[in-house]
Protein chains: 2
Amino acid sequence: MYSPRMTASSTSERLIEATRELLWERGYVGTSPKAIQQAAGAGQGSMYHHFTGKPDLALAAIRRTAGELRAAAERILGGEGSAYARIEAYLLREREVLRGCPVGRLTMDPDVIADAELRAPVDETLDWLRGRLADVVREGLDSGELSGPLRPEELAATVVATVQGGYVLARAAGSPAAFDTAVRGLLALLAPRTR
Amino acid sequence: MYSPRMTASSTSERLIEATRELLWERGYVGTSPKAIQQAAGAGQGSMYHHFTGKPDLALAAIRRTAGELRAAAERILGGEGSAYARIEAYLLREREVLRGCPVGRLTMDPDVIADAELRAPVDETLDWLRGRLADVVREGLDSGELSGPLRPEELAATVVATVQGGYVLARAAGSPAAFDTAVRGLLALLAPRTR
DNA sequence: GTCTATAGCGCGATAGAC
DNA sequence: GTCTATCGCGCTATAGAC
């Protein structure tokens with residue numbers, strides 16, 4: 001099947017990218033079509049030509065953001081190193097802490113949660129992440145690298161929750177330090193379970 | 001100093017309570033003065049008589065919510081039982097998980113984070129909570145109940161982050177189960193550190 | 001203290017010319 | 001595909017009567 005050459009910044013492309021930025025910064029409720037159009041350098045007509053409305057455009061933006069988050073996590077969790085090393089690498093990975101998680105933050109958006117179609121990619125992404133981390137934990141238990149009565153699904157949820165909650169602490173404090181502190185606390189609990 | 005009798009539901013009281021509910025449900029950006037007035041059964045004029053505007057009313061609401069969260073946490077953390085038992089009780093305490101944390105959710109509100117006065121009570125509350133949990137951890141270490149190279153401030157941050165992140169997972173999934181899973185994972189990591 | 005009236009502006013979307 | 005014009009409505013206030 002022939003795939004037409006995609007111009008790197010077609011109007012529809014710029015609209016999606018602008019929406020991704022604004023959703024991350026201000027959330028769904030706080031993002032207006034007008035703001036998107038201005039950020040994208042597109043007119044009212046263009047936006048409504050390419051998308052049926054704000055929810056449609058947001059869906060495209062959320063799906064792309066979710067896909068990128070997944071790819072970034074997979075690069076680490078499917079990479080080199082022991083199970084513990086990969087979990088540690090995931091926790092210590094460079095992040096723009098004060099911006100928060102572009103996917104997780106959407107869970108606090110009432111209009112996203114109320115719309116099954118908008119919530120789905122958020123749900124699927126965090127669910128996938130938990131499952132993928134559980135895989136790694138299972139791997140570590142099987143190889144004997146991790147020990148103790150650890151339940152993979154539980155530990156995976158704790159890891160994701162610590163990251164998501166770390167963003168909350170950091171944004172409250174206006175400093176990334178609280179995020180790092182929470183992560184170090186989790187690693188301190190986890191480290192003794194390795195051999 | 002004489003304290004005048006506070007009528008349980010004066011107009012200003014109802015406005016604050018309505019604002020608290022709406023901030024919890026929809027956040028600051030998603031809450032309009034009009035919606036507040038309708039929920040409180042108060043007119044436009046009443047609201048602007050008692051408060052200078054939306055930020056002023058939100059500040060009163062946030063401060064009260066922060067105070068209540070603090071009091072609820074203190075009832076558990078300052079209560080009976082061993083250090084571990086109190087941390088466990090804090091984690092397992094009944095919560096309206098799908099509503100999220102009425103304080104933590106505000107960190108995703110761009111207009112709250114941008115306004116130092118609105119952010120202050122959020123910051124102070126989460127900061128106090130971390131400190132209070134660190135006290136309990138320290139107590140446990142001093143008494144020998146908790147062992148290992150645990151840093152109180154780190155563990156405290158991890159506990160708060162797990163709770164805050166647990167809300168994110170639960171809201172994404174549309175079910176409280178993910179919150180409970182994350183909490184159980186943390187308790188499983190913590191339990192072996194007790195004697 | 002509470003009410004209604006009014007304001008200026010932005011929201012989210014539609015219509016139709018080009 | 002993109003533009004401008006227009007729509008009905010809600011936002012956050014202000015003004016001033018009662």
Side-chain angles (χ1 to χ4, degrees), chain A residues 4-62 106 109-119, chain B residues 4-62 106 109-115 117-118:
Chain A
R5 170 171 160 279
M6 170 80 82
T7 301
S9 78
S10 62
T11 296
S12 121
E13 194 58 25
R14 291 199 319 274
L15 283 164
I16 293 175
E17 287 302 313
T19 304
R20 297 210 309 139
E21 286 300 311
L22 284 164
L23 285 183
W24 194 358
E25 184 79 19
R26 302 197 42 86
Y28 183 85
V29 169
T31 297
S32 70
K34 182 169 207 176
I36 293 169
Q37 292 150 26
Q38 286 173 344
Q44 194 94 333
S46 287
M47 188 189 122
Y48 285 99
H49 171 75
H50 292 287
F51 302 93
T52 67
K54 176 176 164 175
D56 186 38
L57 176 48
L59 185 57
I62 292 172
L106 297 171
D109 239 302
D111 292 1
V112 170
I113 294 304
D115 182 329
E117 215 165 1
L118 292 178
R119 185 169 65 81
Chain B
R5 171 172 159 280
M6 171 81 83
T7 301
S9 78
S10 60
T11 296
S12 123
E13 193 59 23
R14 291 198 319 275
L15 284 165
I16 292 174
E17 287 302 313
T19 305
R20 298 210 309 139
E21 286 300 311
L22 285 164
L23 285 183
W24 194 358
E25 186 77 18
R26 301 197 42 86
Y28 183 86
V29 168
T31 296
S32 71
K34 183 171 205 175
I36 294 168
Q37 292 149 25
Q38 286 172 343
Q44 195 94 333
S46 288
M47 188 191 121
Y48 285 98
H49 171 76
H50 293 287
F51 302 93
T52 66
K54 177 176 165 176
D56 186 37
L57 177 47
L59 185 58
I62 291 171
L106 297 170
D109 240 302
D111 293 1
V112 170
I113 293 305
D115 182 329
E117 216 166 359
L118 292 178

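Labels below follow one simple rule: chain letters A, B, ... track the order of the sequence lines, proteins then strands, and each chain is numbered from 1.
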*Give the intermediate values and the outcome of side chain to side chain contact (heavy atoms under 4.5 Å, CB included) for residues A:Ile16 and A:Phe51.*
CA-CA 10 Å; A:Ile16 293 175; A:Phe51 302 93; 3.7 Å; yes
*Would you call B:Glu17-B:Arg14 a salt bridge at under 4.0 Å N-O?*
no
_CE-OG1 distance between A:Met47 and A:Thr52, expressed to the nearest 0.5 angstrom_ = 8.5 Å
_Nearest whole Å is fine: how far is C:dT14 C1' from A:Gln44 CD?_
10 Å
*asked:* Strictly below 4.0 Å: does A:Ser32 bring a side-chain N or O up to OP1 or OP2 of C:dC11?
replied: yes
*asked:* For the OH atom of A:Tyr28 and the CG atom of A:Asp109, what is their distance to the nearest 0.5 Å?
replied: 9.0 Å
*Length of the NZ-P vector between A:Lys34 and C:dC9, whole Å*: 11 Å
*Atom-to-atom span, CD of A:Gln38 to C1' of C:dG12 - whole angstrom*: 14 Å
*asked:* Quick check on DNA chain C: between A:Gly53 and B:Gly41, whose nearest nucleotide comes earlier from the 5' end?
replied: B:Gly41
*Taking atom P of C:dT4 as reference, at what distance in whole Å does atom CD of B:Gln37 sit?*
11 Å
_Using a heavy-atom cut-off of 4.0 Å across all strands, would you classify B:Gly43 as base, sugar-phosphate, or nothing?_
sugar-phosphate
Under 3.5 Å, side-chain donor or acceptor atoms of residues 32-44 of chain B against the rest of the protein: list the pairs with distances, not counting sequence neighbours.
{"from": "B:Ser32", "atom 1": "OG", "to": "B:Ala35", "atom 2": "N", "distance (Å)": "3.1"}
{"from": "B:Gln37", "atom 1": "NE2", "to": "B:Pro33", "atom 2": "O", "distance (Å)": "3.3"}
{"from": "B:Gln37", "atom 1": "NE2", "to": "B:Gln44", "atom 2": "OE1", "distance (Å)": "3.1"}

*Test A:Leu106 against every option in A:Ile113, A:Asp111, A:Ile62 by the side chain to side chain contact (heavy atoms under 4.5 Å, CB included) rule and name the one that passes.*
A:Ile62
*Would you grab the first and last nucleotide of DNA chain D (5' to 3') that comes under 4.0 Å of any non-hydrogen atom in chain A?*
D:dG1 to D:dT4
